[in-house]
Amino acid sequence: MAEKQHLYLVDGSAYIFRAYHRLPPLTNPEGTPVGAVYGYTTMLWKLAQDLDDADGPTHLAVVLDKSSHSFRNDIYPEYKANRPDPPEDLVPQFPLIRDATRAFSLPMVEEPDVEADDMIASYAYAAQDAGWDVTIVSSDKDLMQLVGEKDGAKIDMLDTMKDARIYIEEVQEKFGVAPELVGDVLALMGDSVDNIPGIYGIGPKTASKLIGENGSLAAALDAAPDMKKSKLKERLLEGREMAELSRELVELKSDCPLPIAIEDMKLDGIPPEPLADFLETHGFNSLLKRLEAGTGSPGRTTNLNPEKADTKGDEGTPDGNIQPLPEWPDVDRSAYTTVQTEDALKEWIARARDLRVVAVDTETSSLDAIAADLVGVSLALGPNDACYIPLRHGGSDMFDEKPEQVDFATAIALLKPLLEDDSVLRIGQNIKYDINVLARHGIAMGPVDDTMIMSFDLDAGRSQEGIGGGHGMDELAERHLGHTTMKFKDVCGTGKKAIPFGEVPLGKATEYAAEDADVTWRLHAHLARRMPDEGATRIYQRVDRPLIPVVAKMEREGIKVDRAELSRLSETFAETIGRLEKEIHKDAGEEFTIGSPKQLGEVLFDKLGYKGGKKGKSGQNSTDQSVLERLSGEGHAIADKVLEYRQLSKLKSTYTDALQEAINERTGRVHTSYSLVGAQTGRLSSTDPNLQNIPIRTEIGRQIRKAFVPESGNVLLAADYSQIELRLAAHMADVPELKEAFEQGEDIHSRTAKEMYGEVDRDTRAAAKTINFAILYGISRWGLAGRLGIEPDEAQEKIDTYFQRFPGIQSYIHSTLESVRAKGYSETLFGRKTWFPRINSKNQAERQGSERAAINAPIQGTSADIIKRAMARMLHALEAEGLNDVRMLLQVHDELVFELPEDDVEKASPVIERVMAEAAQPAVTLDVPLGIEIGTGPSWDDAH
DNA sequence: CGGATCACG
DNA sequence: GACGTACGTGATCCGA
């Protein structure tokens with residue numbers, strides 16, 4: 001006897017919505033949300049496992065909705081009209097469902113103009129007619145109409161989430177009628193989700209009763225005129241048309257043409273290779289392990305059908321994050337042009353001005369934009385439509401003859417109008433760099449887009465990588481385009497063998513440089529398309545994008561440091577360090593490297609036998625500040641000396657020595673580089689050198705600040721937001737007492753002390769201050785106990801008191817976490833998102849770490865948004881008052897540093913104060929004022 | 001190149 | 001039942 005065929009039809013589209021709402025918002029290693037995809041994958045896995053079961057599938061297909069439009073919209077335009085857009089973090093998962101299905105090498109049915117339900121009905125009946133059993137994997141009530149038996153062939157349903165079979169009895173129980181009458185019940189009761197009208201006032205109970213009693217919808221409607229007078233009678237009479245329309249809408253179209261024959265849906269083993277690739281890509285490691293171990297592997301994995309194995313994914317899009325863009329050919333480096341003549345350059349420029357969008361990339365001699373020399377420029381106007389314009393290639397000893405290239409000054413003169421044209425959009429990856437390089441040649445770039453910042457505004461926090469924050473071009477190309485770029489070191493080499501870009505032969509230089517522009521152009525098209533859908537447009541357009549030229553200008557300005565002063569400090573420090581070193585060695589009874597925590601630990605804890613404290617990851621005794629301070633308190637003089645030694649070594653190597661090195665030869669000033677994508681919260685970060693961590697907390701450290709000075713006739717002005725994060729916390733958590741304190745200009749920590757302890761003195765104020773900050777950072781009783789030097793129990797009491805006095809804070813923390821857990825990201829008042837992929841981690845430490853960061857991110861991030869808005873407006877506001885000589889030099893998170901003529905201070909101060917104080921408006925109106933403190937002086941230290 | 005340490009908000 | 005405790009950065013040094 002031939003085996004009974006059994007076709008499983010998986011209602012894929014409906015499934016992912018349910019999976020989305022039931023499962024935690026997981027993300028894959030790339031940060032794409034995949035919670036629903038994971039649910040879908042496990043479901044397919046389970047089904048495939050049932051292959052050998054008596055009631056399991058012999059044939060299987062996935063049916064998906066192709067488009068949102070169907071013939072039902074033509075009958076009734078309102079159909080599904082009130083359906084909300086799918087959640088933001090579900091949208092990117094739709095294409096992944098297809099990838100998952102391909103990974104299992106399963107046939108997929110997607111037809112336009114009909115719904116998945118119609119295709120399921122058509123296939124179910126076709127299979128039933130052939131004598132097969134059919135199982136519909138869904139719990140959609142519309143599909144329950146199909147359940148039943150004909151000539152010994154059954155159609156049933158399987159709800160995999162509840163692991164429940166739905167057959168005639170279950171349908172009867174749910175609707176009170178037989179499956180074939182379900183459509184009639186649905187037509188009467190309507191469906192708010194699909195916006196099927198039904199009859200107003202008739203719900204499931206009444207509908208099933210009416211159909212049950214009358215035997216059909218038509219009979220029920222016909223019976224209405226003879227009913228005794230009642231509300232129900234009126235409704236039936238009035239609603240007749242709506243009910244008939246609804247009946248048409250819920251009717252499944254069961255005669256659709258079948259694109260794949262049911263016989264071709266045979267399930268005879270899942271080829272393991274494509275599935276393994278997919279599981280690995282998305283970090284579904286437990287399934288991957290099971291697959292690799294061969295235990296519980298889905299279906300029979302023996303039959304590697306080469307034809308099916310080839311059906312995996314679209315080429316070039318291993319990620320599935322995006323739909324492949326079919327109009328884009330693969331990156332082809334041989335398609336690029338080297339522009340070596342004026343005529344060719346003019347032609348590229350003319351085309352760029354015509355298209356109004358051009359990706360630009362500069363090649364230079366150094367990573368430091370202010371110090372770098374321009375070596376060449378690349379442009380891209382479309383995929384593979386890119387060129388490299390060498391400008392200063394050759395000329396070293398290695399090249400006796402320079403390659404043919406357009407004269408430098410001529411090329412700049414030709415490029416300038418294109419790059420300055422306000423009606424042309426320039427696209428760059430970290431375009432601040434190119435702005436600064438080109439500024440040296442008198443080019444002031446007009447409007448720009450930056451793919452690095454677009455990526456940041458879309459995906460901050462999603463990538464776990466460190467350097468570049470996951471927004472570097474190579475990573476983006478890999479992630480979004482599935483393309484591996486040429487690496488700089490492949491072109492120029494590394495280490496001692498590295499050659500300057502200007503000495504790279506033109507062929508290779510063109511491949512590398514033009515590819516960067518090409519890839520940037522493609523990334524821009526991709527990211528720009530995502531931004532409005534994913535809610536990144538606002539923060540990008542209103543905050544980050546306007547900041548690009550402003551920060552570029554600050555970097556070009558630089559700040560003057562007094563080299564002689566730093567040098568004097570270095571010498572003084574060196575003397576003291578030398579003296580301390582001798583004394584420490586004497587105390588220790590041996591010479592050792594004090595700067596080595598390992599050796600220091602051995603001396604202190606092994607040789608001298610002092611009591612150790614905490615240990616680090618490596619199991620090594622910590623010798624950090626807190627430990628040394630404890631030892632010092634226990635009367636060990638060597639600890640004091642090491643502390644001082646540490647402090648001075650730090651100051652000397654990181655500041656007094658390094659800052660001298662950082663002075664630019666040409667400008668005589670120090671130019672930091674700000675990263676707009678460095679901090680997950682939206683803060684800037686500062687590197688090479690970091691000017692956001694110049695000492696201020698100790699007297700000896702402040703001497704370094706004294707070396708930051710203005711040009712003669714000028715002063716430095718420092719303006720900082722006072723307690724901005726606490727003010728924002730008061731606003732965002734809506735704490736009346738704190739808001740009032742800020743309105744009255746009270747000392748906020750004293751006010752907190754008063755609320756908590758009833759009295760204000762030095763101790764209670766200090767404790768209140770600690771608690772205030774603890775709140776901003778996400779508190780734990782142990783953390784607070786450590787800081788306050790009390791027991792965890794006591795710390796918990798403090799926290800309870802705090803929450804009691806300020807219940808808004810507690811509910812803010814609660815609702816923030818709820819929201820981050822559900823959505824996967826936090827949001828600032830200005831709509832900046834920070835993603836927390838580990839917020840639902842099973843690892844407690846990891847999860848709690850994410851929770852603390854998630855509590856802090858909206859506050860720190862909003863503060864960052866506000867100062868960024870102030871910066872973006874500042875120069876304009878100053879210019880409007882005729883203050884053209886005021887230069888904005890530095891940003892230190894809540895502080896801006898300016899250099900300006902002494903005579904301008906009086907006029908500039910109120911402008912600066914106003915711009916900073918009003919920076920949130922008009923987008924956001926805060927319940928608390930933003931306090932600004934301004935100081936001026938002959939050094940940065942004096943300006944405080 | 002990672003860990004430890006310490007400079008800043 | 002154990003986990004391991006404040007958020008965000010960058011630079012320097014040591015030592016594998």
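What you see is a predicted model, and the numbers here were worked out from it, not measured in a lab. Residue numbers start from 1 in every chain, and the chains themselves are labelled A, B, ... in the order their sequence lines are given, proteins ahead of strands.
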Side chain proximity check, Ile453(A) to Leu547(A), heavy atoms < 4.5 angstrom: no

Nucleotide dG9(B), atom C1' - distance to CD of Gln723(A) in whole Å: 12 Å

Integer angstrom distance from the C1' of dC6(B) to that of dC3(C): 27 Å

Side-chain (His749(A)) to main-chain (Asn772(A)) donor-acceptor, under 3.5 angstrom: no

Atom-to-atom span, CZ of Arg646(A) to C1' of dA4(B) - whole angstrom: 8 Å

Rounded distance in Å - CD (Gln647(A)) to P (dT12(C)): 17 Å

Set of residues satisfying side-chain contact (heavy atoms from CB on, under 4.5 Å) with respect to Arg847(A), sequence neighbours excluded: Ser841(A), Gln844(A), Glu851(A)

Main-chain N/O of Ser649(A) paired to Ser653(A) side chain as donor or acceptor, under 3.5 Å: yes

Qualifying ring-ring contact (aromatic ring centres under 6.0 Å, His included) pairs with a residue from residues 829-852 of chain A, counting only residues at least two apart or across chains: Tyr825(A)-Trp835(A)

Base versus backbone protein contacts along nucleotides 5-11 of chain C [heavy-atom cut-off under 4.0 Å; B, S, -]: BBBBSBB

Consecutive-pair stems (3 or more, Watson-Crick or G-U, under 3.5 Å) for DNA chain C: B:1-9 with C:7-15

Rounded distance in Å - CG (Leu648(A)) to P (dT12(C)): 17 Å

Donor-acceptor contact below 3.5 Å, side chain Gln891(A) vs main chain His893(A): yes

Neighbours of DNA chain C within residues 797-806 of chain A, by heavy-atom distance under 4.0 Å: none

dA7(B) versus dA2(C) - spacing of their P atoms, nearest Å: 37 Å

For atom OH of Tyr645(A) and atom C1' of dT5(B), their distance in whole Å: 13 Å

Trp940(A) and His944(A) aromatic ring geometry - parallel, tilted or perpendicular at 30°/60° bounds: tilted

More than 12 heavy atoms from other groups under 6.0 Å of CG on Leu608(A): yes

Arg705(A) (side chain) donor-acceptor with Asp941(A) (main chain) under 3.5 angstrom: no

Ser649(A) side-chain N/O to dC13(C) phosphate OP1/OP2 under 4.0 Å: no

Gap between atoms CD1 and C1', on Ile577(A) and dT12(C) respectively (whole Å): 13 Å

Main-chain N/O of Gly701(A) paired to Thr698(A) side chain as donor or acceptor, under 3.5 Å: yes

Interatomic distance where CG belongs to Asn772(A) and C1' belongs to dG9(B) [whole Å]: 16 Å

Donor-acceptor contact below 3.5 Å, side chain Tyr645(A) vs main chain Gly578(A): no

Touch class at under 4.0 angstrom, heavy-atom based, for Ser863(A) against every strand present: nothing

Phosphate OP1/OP2 of dC13(C) contacted by Thr593(A) side-chain N/O (<4.0 Å): no

Indicate every side-chain donor-acceptor pair of residues 863-870 of chain A with a distance under 3.5 Å to a residue at least two apart or in another chain.
{"from": "Asp865(A)", "atom 1": "OD1", "to": "Arg832(A)", "atom 2": "NE", "distance (Å)": "2.8"}
{"from": "Asp865(A)", "atom 1": "OD1", "to": "Arg832(A)", "atom 2": "NH2", "distance (Å)": "3.0"}
{"from": "Asp865(A)", "atom 1": "OD2", "to": "Thr828(A)", "atom 2": "OG1", "distance (Å)": "2.6"}
{"from": "Lys868(A)", "atom 1": "NZ", "to": "Asp544(A)", "atom 2": "OD1", "distance (Å)": "2.8"}
{"from": "Lys868(A)", "atom 1": "NZ", "to": "Gly682(A)", "atom 2": "O", "distance (Å)": "2.8"}
{"from": "Arg869(A)", "atom 1": "NE", "to": "Ala919(A)", "atom 2": "O", "distance (Å)": "2.7"}
{"from": "Arg869(A)", "atom 1": "NH2", "to": "Ala920(A)", "atom 2": "O", "distance (Å)": "3.3"}
{"from": "Arg869(A)", "atom 1": "NH2", "to": "Gln921(A)", "atom 2": "O", "distance (Å)": "3.2"}

Distance in angstrom units between Leu728(A) CG and dG9(B) P, rounded: 17 Å

Sugar-phosphate, base or nothing in reach of Ile859(A), heavy atoms under 4.0 Å: nothing

